[in-house]
Amino acid sequence: TVTGVDSSTNAGTYKEGDAISIQVTFSEAVTVTGTPQLTLETGGSDAVVDYVSGSTTNVLTFTYTVGAGETSSDLDYASTTALALNGGTVKDAVGNNATLTLAAVGAAGSLGANEAFVIDTTAPTISSVTSTTADGTYKEGDSVNVTVTFSEAVTLAGGNLVVTLETGETDRTVTIATINSATTASGTYTVQAGDTSSDLTVSGIALSAGTLTDGGGNTMSSFAIATNLAASSALVIDTTAPTVTGVDSSTNAGTYKEGDAISIQVTFSEAVTVTGTPQLT
């Protein structure tokens, strides 16, 4: 009978193409003919794993190579009947057929109970770009936070993540140099002379070099942004000083004498806030 399913591979997260060695232990030595198979629960499509070695011992080895699209938060076989002869035989020394029934999924003696394997074949993506800076208008010299959120924890190696902001004639960049197994990464944009935006947004994100990978080693290949900065914040960049566009009057044209009042309007290129008492000579 089967006494347990275990693995000689270290626990951890594995990606497409990685190999995991799985051992099925019997209560006595067995002899194998053909290629028995073990079915693993790996998401939308289960993985069927072939027997590799172990005939005439009590431990049979199967090798699972992670396939595209497979996923599991705690790898285990599919059911108590997941071990199948596949046209072969498993017998003891005197010819008794082995009982192939496995422990219940997740129960003591199962692969899931004995090991902690995460199967992750999905590359990380950028979920959003947001800002912790309050909505408002910012001028030259002001600082604006830029936060990139990923679909899962990632690590940056050998390069920088560069966020490009749409700021008018000259776009500005925010460089992030360190990301260590984190789902978010932040940088600071300092508003520079000539920058302008009615609703600050990101025009692109890229790596200057290196890689961004998740815990299983899947490398980010798409830098598309699911939710951009302009959708979550209202940040106006204005580095242009207001100017006088004209001086006029709402009083009718005509001749005025001592004591008469004439209303004069000074018009600016944009809305302005006044303190004190400016004067016109």
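The figures that follow rest on heavy atoms only: side chains count, while hydrogens, waters and symmetry mates do not.
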Exercise. Carefully, step by step, assess Tyr138 and Thr133 under the rule side-chain contact (heavy atoms from CB on, under 4.5 Å).
Key: CA-CA 10 Å; Tyr138 294 86; Thr133 301; 3.2 Å; yes
Self-check item: Full working for side-chain contact (heavy atoms from CB on, under 4.5 Å) between Ser197 and Leu235
Solution: CA-CA 8 Å; Ser197 176; Leu235 302 169; over 6 Å; no
Exercise. Report yes if some heavy atom in the side chain of Leu212 is under 4.5 Å from a heavy atom in the side chain of Leu207; otherwise report no.
Key: yes
Exercise. Looking only at non-hydrogen atoms, find the nearest pair between Ser127 and Ala226 and report the distance.
Key: O-CB, 3.0 Å
Quiz item: Rounded to the nearest 0.5 Å, how far does CD of Glu166 lie from CG of Asp199?
Solution: 11.5 Å
Exercise. Scan residues 30-45 for pairs that pass side chain to side chain donor-acceptor pair (under 3.5 Å), counting only residues two or more places apart or in two chains.
Key: Thr33-Thr89, Gln37-Asp50
Exercise. Return yes if a side-chain donor-acceptor contact under 3.5 Å exists between Ser186 and Thr147, otherwise no.
Key: yes
Quiz prompt | Which atom of Tyr14 lies closest to which atom of Phe117, heavy atoms considered | solution = CE1-CD2, 3.7 Å
Exercise. With rounding to the nearest 0.5 Å, note down the distance linking OG1 in Thr101 to CG in Leu83.
Key: 9.0 Å
Exercise. Would you kindly confirm whether Leu156 and Phe223 end up in one hydrophobic cluster when ILVMFWY residues are joined by side chain heavy atoms under 4.5 Å apart?
Key: yes
Quiz prompt | Step-by-step side-chain contact (heavy atoms from CB on, under 4.5 Å) determination, Lys15 to Ile119 | solution = CA-CA 6 Å; Lys15 67 182 186 304; Ile119 306 302; over 6 Å; no
Quiz item: Got a second to check how far Thr137's OG1 is from Asp142's CG, nearest 0.5 Å?
Solution: 10.0 Å
Quiz item: Do the side chains of Glu152 and Asp120 get nearer than 4.5 Å, heavy atoms only?
Solution: yes
Quiz prompt | Minimal non-hydrogen separation, Ala82 against Leu102, with atom names | solution = CB-CD1, 4.1 Å
Quiz prompt | Closest contact, heavy atoms only, Asn86 versus Pro36 | solution = CB-CA, 4.3 Å
Quiz item: Side-chain heavy atoms under 4.5 angstrom apart, residues restricted to Ile, Leu, Val, Met, Phe, Trp, Tyr: same cluster for Leu100 and Val24?
Solution: yes
Quiz item: Any sub-3.5 Å donor-acceptor pair from Asn58's side-chain atoms to Ala29's backbone N or O?
Solution: no
Exercise. Nearest 0.5 Å please: distance from the CD atom of Glu115 over to the OG atom of Ser110.
Key: 10.5 Å
Quiz prompt | Any Leu165 side-chain heavy atom under 4.5 Å of Val202 side chain | solution = yes
Quiz item: Any side-chain heavy atom of Thr3 within less than 4.5 Å of one from Phe26?
Solution: no
Practice problem: Give, for atom OG1 of Thr255 and atom CG of Asp260, the distance between the pair rounded to the nearest 0.5 Å. | Solution: 10.0 Å
Practice problem: Please report the shortest heavy-atom distance between Asp171 and Ser203, naming the atom on each side. | Solution: OD2-OG, 4.0 Å
Quiz item: Sub-3.5 Å donor-acceptor pair from the side chain of Asn228 to the main-chain atoms of Ala231, do we have one?
Solution: no
Quiz item: Do Ser21 and Gln23 have a side chain donor and acceptor closer than 3.5 Å?
Solution: yes
Quiz item: Any link between Val66 and Val5 through a network of hydrophobic side chains (Ile, Leu, Val, Met, Phe, Trp, Tyr) touching at under 4.5 Å?
Solution: yes
Quiz prompt | Short side-chain to backbone donor-acceptor contact, Ser27 and Thr1, under 3.5 Å | solution = yes
Exercise. Step through the shown structure and confirm whether more than 12 heavy atoms of other residues, nucleotides or ligands are within 6.0 Å of CD on Glu169.
Key: no
Quiz prompt | Straight-line distance of Ile22 CD1 to Asn114 CG, nearest 0.5 Å | solution = 11.5 Å
Quiz item: What residue pairs, at least two apart or across chains, pass side chain to side chain donor-acceptor pair (under 3.5 Å) with a residue in residues 62-72?
Solution: Tyr64-Glu70
Quiz item: Is the shortest heavy-atom distance from the side chain of Val144 to the side chain of Leu200 under 4.5 Å?
Solution: yes
Quiz item: Would a 4.5 Å heavy-atom cut-off, applied to side chains only, mark Val49 and Tyr77 as touching?
Solution: no
Exercise. Assess whether side-chain contact (heavy atoms from CB on, under 4.5 Å) is satisfied between Val244 and Thr267, documenting all intermediate values.
Key: CA-CA 6 Å; Val244 175; Thr267 301; over 6 Å; no
Quiz item: Would you say the side-chain atoms of Thr155 pair up with the backbone N or O of Ser181, donor to acceptor, closer than 3.5 Å?
Solution: yes
Quiz item: Does Leu40 share a hydrophobic cluster with Val118, counting links as ILVMFWY side-chain heavy atoms below 4.5 Å and allowing steps through other members?
Solution: no
Quiz item: Linking I/L/V/M/F/W/Y whenever their side-chain heavy atoms sit closer than 4.5 Å, directly or via other members, would Leu38 and Val59 fall into one cluster?
Solution: no
Quiz item: With distance as the sole test, does Ser131 use its side chain to make a donor-acceptor pair with the main-chain N or O of Asn145 at under 3.5 Å?
Solution: yes
Quiz item: Would Ser79 and Thr81 count as having a side-chain donor-acceptor pair, cut-off 3.5 Å?
Solution: yes
Practice problem: For Gly67 and Thr121, work out which heavy atoms get closest and say how close. | Solution: O-CG2, 3.4 Å
Quiz item: Do Ile20 and Ser7 have side-chain heavy atoms sitting under 4.5 Å apart?
Solution: yes
Exercise. Apply the side chain to side chain donor-acceptor pair (under 3.5 Å) test between Arg172 and each candidate in Thr190, Thr164, Asp195; give the one that qualifies.
Key: Asp195
Quiz item: Tell me, do Leu161 and Thr175 make a side-chain contact under 4.5 Å, heavy atoms counted?
Solution: no
